[in-house]
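The model shown is predicted, which means the values in this text are computed figures rather than measured ones. Note that ligands are numbered from 1 as they come in the structure, with each ligand's atoms numbered from 1 the same way. Just so you know, residue 1 is the first one in the sequence shown, and it goes up from there.
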Amino acid sequence: MIEDATRLEVENLHSWYDESHILHGATMKVSKGEIVTLLGRNGAGKTTMMRTLAGVVRQRKGKLVFDGHDLMSTPAHRVARLGLGYVPEERGIFSSLNVAENLVLPPVVKAGGMSIEHIYELFPNLKGRDSTVGTRLSGGEQQMLAIARILRTGADFILLDEPTEGLAPVIVEDIARVLGELKNLGLTIILVEQNIQFATASADRHYVMEQGRIVDEFSNEALLSDMARINAYLGV
Ligand code: ATP
């Protein structure tokens, strides 16, 4: 029997902020070990998709199954305990605490959280910044710390919202390295990304969002061999 590698199944997903209907029946699937991006213009609903998956947006309907659990009836803190970790665009680190403190205070612990030693191996820059408070870190270090904190929780499926935003190219490359290492460890990642070069360097597959729906899907090879098709969606 072939093992079903599907970890996340999203079908006809709708969600709302009060009266504003934002997701309009989005459908996608993510398998174990994949890195999948959500691409699309500003306002397409990418961040809302992440927040709806993570259970932060509670006004929603449709099918949402993660590792066999029905997420529709699962509160956000339980979602994290299932191993689904969310790194929001604003990063969610404690800016008044230093690096070491941020790392010993993970929000939720699931068995299998990454050890501090392993964290420092993956993020050597953080080791040297142990006693630096969050506000004093560079944007890249803050992003690394935000990812590290989620790994400490034991998350093995990570929702990453625009991790490269505002970062210098050399730091973007370093984040691509980290994602590659996480993939090698068997983690699964959904990435919201505007930087197409980073997206194609990191991901296996890409979904395109428009007006709260998934309107297209590319393998990484297909995207690389037909950039005009994605550029048309993005209005580049
Ligand atoms: P961006 O790259 O600009 O963040 P996005 O694709 O991530 O775009 P979302 O941030 O999900 O898009 O926004 C989708 C729509 O939802 C937009 O029309 C936005 O104005 C609206 N929206 C976002 N947050 C809220 C909110 N808290 N309340 C009401 N509407 C919101």
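- Side-chain contact check for Y233 versus V215: some heavy-atom pair is nearer than 4.5 Å.
- Listed by chain and residue number, the protein contacts of ligand 1 are Y17, I22, R41, N42, G43, A44, G45, K46, T47, T48, E162, Q194 (heavy atom within 4.0 angstrom).
- The structure places CZ of R60 at 5.0 Å from CE of M72, a figure rounded to the nearest 0.5 Å.
- The two residues L39 and A199 have their closest heavy-atom pair at CD2-CB, 4.3 Å.
- Using a 4.5 Å cut-off between side-chain heavy atoms of Ile, Leu, Val, Met, Phe, Trp and Tyr, with links allowed through other members, M49 and Y86 fall into the same hydrophobic cluster.
- In this structure, I150 is not a member of the same hydrophobic cluster as V192, with clusters built from ILVMFWY side-chain heavy atoms closer than 4.5 Å.
- Comment: R177 engages E181 in a salt bridge, judged by a side-chain N to carboxylate O separation of less than 4.0 angstrom.
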